[in-house]
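Quick notes on the structure that follows.
In what follows, every heavy atom counts, from backbone to side chain, and hydrogens, waters and symmetry copies are set aside. To find a chain, count down the sequence lines: A is the first, B the second, and so on, and within it residues start at 1.
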Amino acid sequence: MASTIRVRAILNGEITEVQTLIQHPMDSGFIKGENGELTPAHFIRELTFEHDGRKVFVADWGTAVSKDPYVKFSFKGGNKGGDLKVSWIDNKGETDATIVKIQ
Amino acid sequence: MSVIEAKLRISMFSLAAVLLIASPASVPAAGSETEFKVAYAAAEAADKEAGRLRNQWTVTAAALAAAKKAADKGDFDQAISAAKEAEALAKASIFQAASEKEAWKQLQIR
Amino acid sequence: MTPHNRFPATRRLILKGAGSLALAGLGVISFRPATAFAAANDKYPEDAFKQKDAREAIKLLYGRTAEPSDKVKLDAPEIAENGAVVPIAVTTTLTEVTSVSFLVPENPNVLAAYYRILPGTMPNVANRLKMAKTSNVIVLVEAGGKLYSATKEVKVTVGGCGG
Amino acid sequence: MVFCFTRSRVYLAVAALATLCATQPAGASDKPDPATDAKAFRNYFVKKFPNVKLEDFVNGPYALDQDMRRQWEEKEQFPPYEFSLEKGKEMFAKPFRNGKRYADCFPDQGIGIRQNYPHFDSNEGKVITLEVALNRCREANGEAPLSYVDDEMAALTAYMAFTSRGKPFDIKVPDDPRALEAYQNGKRYFYTRRGQLNFSCATCHVQNPGERMRAEVLAPALGILNAMPIYRSEWGGMATISRRFTTCNSQIRGVPLDPQDEDYRDLEYFLSYVSNGLPISGPGARP
């Protein structure tokens, strides 16, 4: 199974710009499915970014973040080839993580 | 109402071609099952004809389903009325298909 | 549940030891130095995410009210092309930013996202949010222990025969 | 709601139109002339939207509305069809159980050929769309066909479109009466009003592109297929050409035909042909 996480981390000067897209339904719990019943809430709660073991950015999400969520931020102190670890955990306890190199 | 809706509405009505189908407003006696069956069969036949012309409407299918549902509950007044609506819709779709046979050419970009 | 127990700041402070807890218990939250707040905001703000009212959510998140600031720039469309995916971003010239959050008061739950800005990270965040209907979008920026905001209305209409 | 027909007794507002308006001179206009059509089609949109660059029509509503364009550009930084595209790439590369691949069914190994579909198959005398060709490839290799409206077909066509990005549509209508007939049938389908709302494809996408239909800005018909398949935010998922056509029909309260019905294939043939010269931009993202 391919990772649910796509990351682009690009160093520009001293700033590393990070864009992430994650494959996740982000069901709000307010929408009826095809069977006419409410689809239970299923959403990523926490998304964490660590650069070389140091936390740089943490997203706490509720149900109002779009399906296949996207977030962009940037940080100082990144180095070309350095590791950026991205991990998430959702309200059902499911998780995924990936490590990419800063480009 | 958005611009397009307004425009379309005007364009359609300015064709002076509004087809009004009066509904059988007064049904003297309570509808019978036989009467329903006749009305339903007529509606079904008309919808089938629309299908042959590849021009069925979703609303016809919905009216047919409503008719069947009412009949299953024994409400034949309702069932007959829905079947008649279905037939009228199906006939309108047949009419549409027939008139569009040539009318589409008016719309083309040239 | 007492109001104080529902206060995430309280829960955060529990991690920091009995002394802080005592302070929080006395309701003197504003006495905490800003740095303590930033260092403490490492837990998922569960209760804030359940709030139906913006003021309530902000109170739970930050324990204070926000003041509008022209140093906070909220970038959101005039009309959302679709309420399911509304790109919204914030940039700010404020310094010492420790968190950024997005609220949509007309959504069933008003708090959409809360971002912890750690030292060295820029206070600029872009994300995509769901909007149930036309609503203000509020962005809150916590900087130097103070809370600033910017607000913009985004119109949302339902989809149909388009595309 | 568009036209509140619901409880009123107005069933259809078209009626005697045929007799009232049938002033069209018969004759010349009935003979299919694809090249002249395509020129007129393009000119119509270029004139209607003088500020839109020709190749920008493939971006649909985003070519016409600045606020929407900004949202789209923001999304294109990490487009929502990314997952579908990757899946399509994997599917395309994965051998069938007999060891063959999709690549073996297509010219140039299937890379950079999207702009040539649909094409007219002279042996069969019918229009072959890319979706049909993909399923035929599967069946020829002992695999079950895919649903024309589901994610897997969208993923495959997304990948194939991606490898053709920037290549102009190059649809041929050969000098064959059957090809001309297919083209003409597609054109007829495009302009024919149907459904209780009495809309044709052209009502929305020729007469009213750029207008808002409730929330959405209607896309111009010119270049509308160049971006397919599309990720639709409204559906939270991918749409193949088949899904787009069938949905359009049901939105105007017409019962859709089967996906890849000959009428739809001919429609795709016509619509692609009149967009000849405009670049493939798929997969796309739309509201």
| said: Has B:Glu100 got a side-chain atom pairing as donor or acceptor with D:Arg193's backbone, closer than 3.5 angstrom? | reply: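 Yes: the side chain of B:Glu100 pairs with the backbone of D:Arg193.
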| With side chains defined as the heavy atoms from C-beta onward, is the minimum distance between D:Gln207 and B:Leu107 less than 4.5 Å? |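 Yes; the side chains approach each other to less than 4.5 Å.
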| message | In the structure I gave you, are the side-chain heavy atoms of B:Gln108 and D:Phe190 within less than 4.5 Å of one another anywhere? | response |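 SC-SC contact between B:Gln108 and D:Phe190 ruled out.
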Which value, rounded to the nearest 0.5 Å, describes the distance between [X] atom [atom1] and [Y] atom [atom2]?
| X | Y | atom1 | atom2 | value |
| --- | --- | --- | --- | --- |
| D:Arg194 | B:Gln56 | CZ | CD | 12.5 Å |
| B:Lys105 | D:Lys187 | NZ | NZ | 9.5 Å |
| B:Ser99 | D:Asn198 | OG | CG | 7.5 Å |
| B:Ile109 | D:Lys48 | CD1 | NZ | 9.5 Å |
| D:Arg253 | B:Thr60 | CZ | OG1 | 11.0 Å |

| query | Would you find more than 12 non-hydrogen atoms of other residues, nucleotides or ligands less than 6.0 Å from D:Arg178 atom CZ? | reply |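 Buried by this count: over 12 neighbours within 6.0 Å.
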| said: Within the supplied structure, the quantity of interest is the number of heavy atoms (other residues, nucleotides, ligands) at a distance under 6.0 Å from D:Asp175 CG; does it exceed 12? | reply: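 No, the 6.0 Å shell around CG holds no more than 12 heavy atoms from other groups.
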| said: Tell me which of these, D:Asp33, D:Asp263, D:Val274, has more heavy-atom pairs under 4.5 Å with chain B than the rest. | reply: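 Winner by heavy-atom pair count: D:Asp263.
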| task | Using a strict cut-off of less than 4.0 Å between a Lys/Arg side-chain nitrogen and an Asp/Glu carboxylate oxygen, indicate whether D:Asp261 and B:Arg54 qualify as a salt bridge. | result |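 Looking at D:Asp261 and B:Arg54, the cut-off is met.
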| task | Work out which heavy atom in B:Trp104 is nearest to a heavy atom in D:Thr192; give both atom names and the distance. | result |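 Looks like CB-OG1, 3.6 Å.
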| task | Indicate the atoms forming the closest heavy-atom contact of D:Gly195 with B:Gln96, along with that distance. | result |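 Taking D:Gly195 first and B:Gln96 second, the nearest heavy atoms are O-NE2, 3.0 Å.
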| By a 4.5 Å heavy-atom criterion (distance strictly below it), what part of D:Phe45 contacts chain B: side chain, backbone, both, or neither? |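 Interface part for D:Phe45: side chain.
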